[in-house]
Amino acid sequence: MGSCLFCDIAAGKIPCTEVHSDEKFLAFRDIDPKAPTHILVIPRLHIAGLSELQNTDTDLAGELMLTAARIASSEGLDEAGYRFVINCGQDGGQTVGHLHLHILGGRQLHWPPG
Ligand code: 5GP
Ligand code: ZN
């Protein structure tokens, strides 16, 4: 198995600013935030990206979204709103090959994204 940055963060080998942790997911602040609130939510299980999801991952994929929505609430983002982003592959702008959901909030976000 090759090394994976987010597996190393999930294993505690690389430090992060943790926001949420449970048996299936870890959430931490993005090192280069693109909005006042910018949190990454990752499954502890290594899945390379959206295109690697299997039929057996339906619970995990749903729980990822629900976990992220609860984190957004706990960050106080419900009233003003926020955005989830999952980049996939080169055209999608994915730079880390471990599935992660971005929570972005705290400012007016532009549409469409670049
Ligand atoms: P992607 O571009 O793959 O959708 O998102 C990867 C995100 O990971 C980027 O927003 C980037 O700033 C963030 N990132 C990269 N390396 C680290 C790191 O070592 N720690 C943290 N907390 N975030 C990172
Ligand atoms: Zn990984």
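For ligands, and for the atoms within them, numbers begin at 1 and follow the listed sequence.
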Under 3.5 Å, N or O to N or O, is [X] touching ligand 1 that way?
X: His38; value: no
X: Thr95; value: yes
X: Leu40; value: no

Under-4.0 Å heavy-atom contact with ligand 1, by part of Arg29 that carries it: backbone
Leu5, portion touching ligand 1 at heavy-atom distance under 4.0 Å: side chain
Between [atom1] on residue [X] and [atom2] on residue [Y], distance to nearest 0.5 Å:
X: Cys88; Y: Gln94; atom1: SG; atom2: CD; value: 5.5 Å
X: Arg83; Y: His38; atom1: CZ; atom2: NE2; value: 12.0 Å
X: Lys34; Y: Arg107; atom1: NZ; atom2: CZ; value: 10.5 Å

Going by the order shown, which atoms of ligand 1 are within less than 4.0 Å of some heavy atom of [X]?
X: Phe28; answer: 21 (C), 22 (N)
X: Asp32; answer: 12 (O)
X: Phe6; answer: 8 (O)
X: His100; answer: 1 (P), 3 (O), 4 (O), 5 (O), 6 (C)
X: Gln94; answer: 3 (O)
X: Val96; answer: 3 (O), 6 (C)

Other cluster members, Ile86 - Ile/Leu/Val/Met/Phe/Trp/Tyr, side-chain contacts below 4.5 Å: Val19, Phe25, Ile39, Val41, Leu45, Ile47, Leu50, Leu53, Leu60, Leu64, Met65, Ile71, Leu77, Tyr82, Phe84, Leu99, Leu101, Ile103
Transitive ILVMFWY cluster of Leu40, excluding itself - 4.5 Å side-chain cut-off: Leu5, Phe6, Ile9, Ile14, Leu26, Phe28, Ile42, Val96
Charged N-O contact under 4.0 Å between Arg70 and Glu63: no
SB check Glu23 Arg44 (cutoff 4.0 Å): no
Distance flag, aromatic centroids of His100 and His102, threshold under 6.0 Å: yes
Closest protein heavy atom (residue, atom, distance) for atom 10 (O) of ligand 1: Asp30 OD2, 2.5 Å
Protein heavy atom at shortest distance from atom 20 (N) of ligand 1: Ile31 CB, 3.7 Å
Side chain His20, main chain Ala68, donor-acceptor under 3.5 Å: no
Among the N, O or S atoms of His46, the one nearest the Zn ion (ligand 2): ND1
Considering only N, O or S atoms of His98, the one closest to the Zn ion (ligand 2): ND1
Whether Gly93 lies under 4.0 Å from ligand 1, heavy atom: yes
Residue pair Thr58 / Thr56, side-chain heavy-atom distance below 4.5 Å: no
Flag side-chain contact, heavy atom, 4.5 Å: Lys13 against Cys7: no
Apex the Zn ion (ligand 2); atoms Cys7 SG and Cys4 SG; angle rounded to 10 degrees: 120°
